[in-house]
Amino acid sequence: MIKKLLIANRGEIAVRVIRAAKELGIKTVAIYSEVDKDCLHTILADEKICIGPGPATESYLSIPNIISACEATGADAIHPGYGFLSENTYFAEVCEACNITFVGPSKESIEKMGDKIEAKRIAKKAGVPVVPGIEEEIKDPDDPELIKEVKKIGFPVIIKAALGGGGKGMRIVNSEESLKIALLTAMEESKKAFGSDKVYIEKYIEEPKHIEIQILADKKGNIVYFPERDCSIQRRHQKLIEESPCPMIDEKLRKKIGRAAAKLAEEINYYSAGTVEFIMDKKGNFYFMEMNTRIQVEHPVTELVSVVKGKRGLDLVKEQILIASGEKIKFSSEDIAIGGHSIECRINAEDPDKDFLPSPGKIENLILPGGNGVRIDTHIYSGYTIPTFYDSLIAKLIVIGSNRQEAIRKMLRALDEFKISGIKTTIPFHKKVLQTQAFMEGDVYTNFLQKYIYEQI
Ligand code: ADP
């Protein structure tokens, strides 16, 4: 069993992991950059150690600094959280070489799923439906054969970076004329953002839903899938609101998607927590997009909605830690029932009236919501200053209601209670979305914001 866990992350996810580890009786080590010395995770952990200055490349992304922190504190395991080094094959490899347990999958799994072209090939091989497209790297944007192939797929198509993430580097192409220039720009963008100009093309599915399946798999070959999350409320391909279950999916389809996700995990001998992402059209056809080999921001909706062997209280981070320690999962997919409806709103320090401009700064006053069925995962407090260096996520507000309508009402009530001054946040934006007729009716697709919100702002 892991004795001392170093959390190679910051903010709300570091706090989340520290809490889970403490409940398991594991000692915790927080790492922090110079600008993060007052961040809540440094206060809650048993020990803390500074790993460098503000820029992430010199602190949270510095493998030598993090490994040294592990050695200095005697930590025997690392939880990478999400973002930063969580899907970095080399980091997982270094941990292994240093005899540090990496709370995540094997480096082979990270590598296979890290390249989206390779991931699609593996999914196809496992019999999982994939978005129609060209499953190889585009090398020559001038190739006449390429135009032919793209025409076969049919416009619109989407160009995606093979090593991409965070909704970045995607380009929708509507006609043959704009294909070449779009490809060249996408390749350049991808090179800059991800260090590789490897891009691929797939059919652009219009008005789809983003549906994803949380899985857990242990080192003994047991794989469990959970009820789906619907993450269709997105801005620039990045999620803002997530819910579970999806109002459009029935029990039969749920099983089918869940099994597809489990099949992919089986194909790569996956272990740890992971998420298989699909895109789904209005007819309920679903296609694999990618797999995230880490814990995700939106994991709490699954925790709140899942009833395991008749009990609430699922903790995916604890399960992840136990799996890393070599334990077996104690339940199966058949043991999981849906207990109501859960919604999560990502509260970002951004100004929704100014095109979501980041709004870091000092939090003057803070009153957090609470009450029956309301959970808040956050690292902020009154007097805390949000640094400029990192992601703008400052809190996740999650609710559980007996049905979707109740969950929406609860979320609106909680958003109303949430009082924060000194910075701008996305709270007013969430209120607007939740009160939109289409959202209340569950008529939610990835183009929701363009259709119903932007024209109103
Ligand atoms: P990333 O890893 O950058 O988040 P994803 O492959 O997960 O990229 O896609 C992010 C979002 O982009 C999806 O949730 C969806 O909204 C949109 N998207 C991706 N592929 C397609 C597609 N083929 N058709 C329509 N939308 C897509």
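Order of appearance sets the numbers: ligands from 1, and atoms from 1 within every ligand. Along the sequence shown, the residues carry numbers beginning at 1.
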Around [atom], find the nearest protein heavy atom and jot down its residue, atom name and distance.
atom                    : answer
atom 12 (O) of ligand 1 : His237 ND1, 3.2 Å
atom 27 (C) of ligand 1 : Ile279 CD1, 3.5 Å
atom 23 (N) of ligand 1 : Lys203 O, 2.9 Å
atom 7 (O) of ligand 1  : Glu290 OE2, 2.7 Å
atom 24 (N) of ligand 1 : Ile205 N, 2.9 Å

I'd like to check which ligand 1 atoms, numbered from 1 as shown, lie under 4.0 Å from a non-hydrogen atom of [X].
X      : value
His210 : 13 (C), 14 (O)
Gln234 : 11 (C), 13 (C), 14 (O), 15 (C), 16 (O)
Glu277 : 7 (O)
Val131 : 23 (N)
Thr446 : 16 (O)

Handout entry: Proximity of Met170 to ligand 1 by residue part, where a heavy atom lies under 4.0 Å
Key = side chain
Is [X] close to ligand 1, meaning an N/O of one under 3.5 Å from an N/O of the other?
X      : answer
Tyr204 : no
Gly167 : yes
Pro208 : no
Ile158 : no

Return yes if a side-chain donor-acceptor contact under 3.5 Å exists between [X] and [Y], otherwise no.
X      : Y      : result
Asn292 : Tyr82  : no
Glu406 : His341 : no
Gln238 : Arg346 : no
Glu350 : Thr426 : no
Arg10  : Ser59  : no

Handout entry: Result of checking Arg229, Gln296, Glu303, Glu298 against Gln214 for side-chain hydrogen bond (donor to acceptor under 3.5 Å, both in side chains)
Key = Arg229
Practice task
Not counting sequence neighbours, list each pair that qualifies as a side chain to side chain donor-acceptor pair (under 3.5 Å) and has a residue in residues 262-274.
Solution key: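 Listed by first then second residue: Lys125-Glu267.
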Exercise for the section: Compute the centroid of each ring, for Phe429 and then for Phe356, and state whether the two points are separated by less than 6.0 Å. Expected result: yes
Handout entry: Ring-face cation of Arg404 near Phe439 (centre distance under 6.0 Å, axis angle within 45°)
Key = yes
Handout entry: Option set Lys160, Lys116, Met289, criterion heavy-atom distance to atom 8 (O) of ligand 1, minimum
Key =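 It is Lys116 whose heavy atom sits nearest to atom 8 (O) of ligand 1.
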Practice task
Could you tell me whether Glu145 and Lys148 make a salt bridge, using a distance below 4.0 angstrom between a side-chain N and a carboxylate O?
Solution key: yes
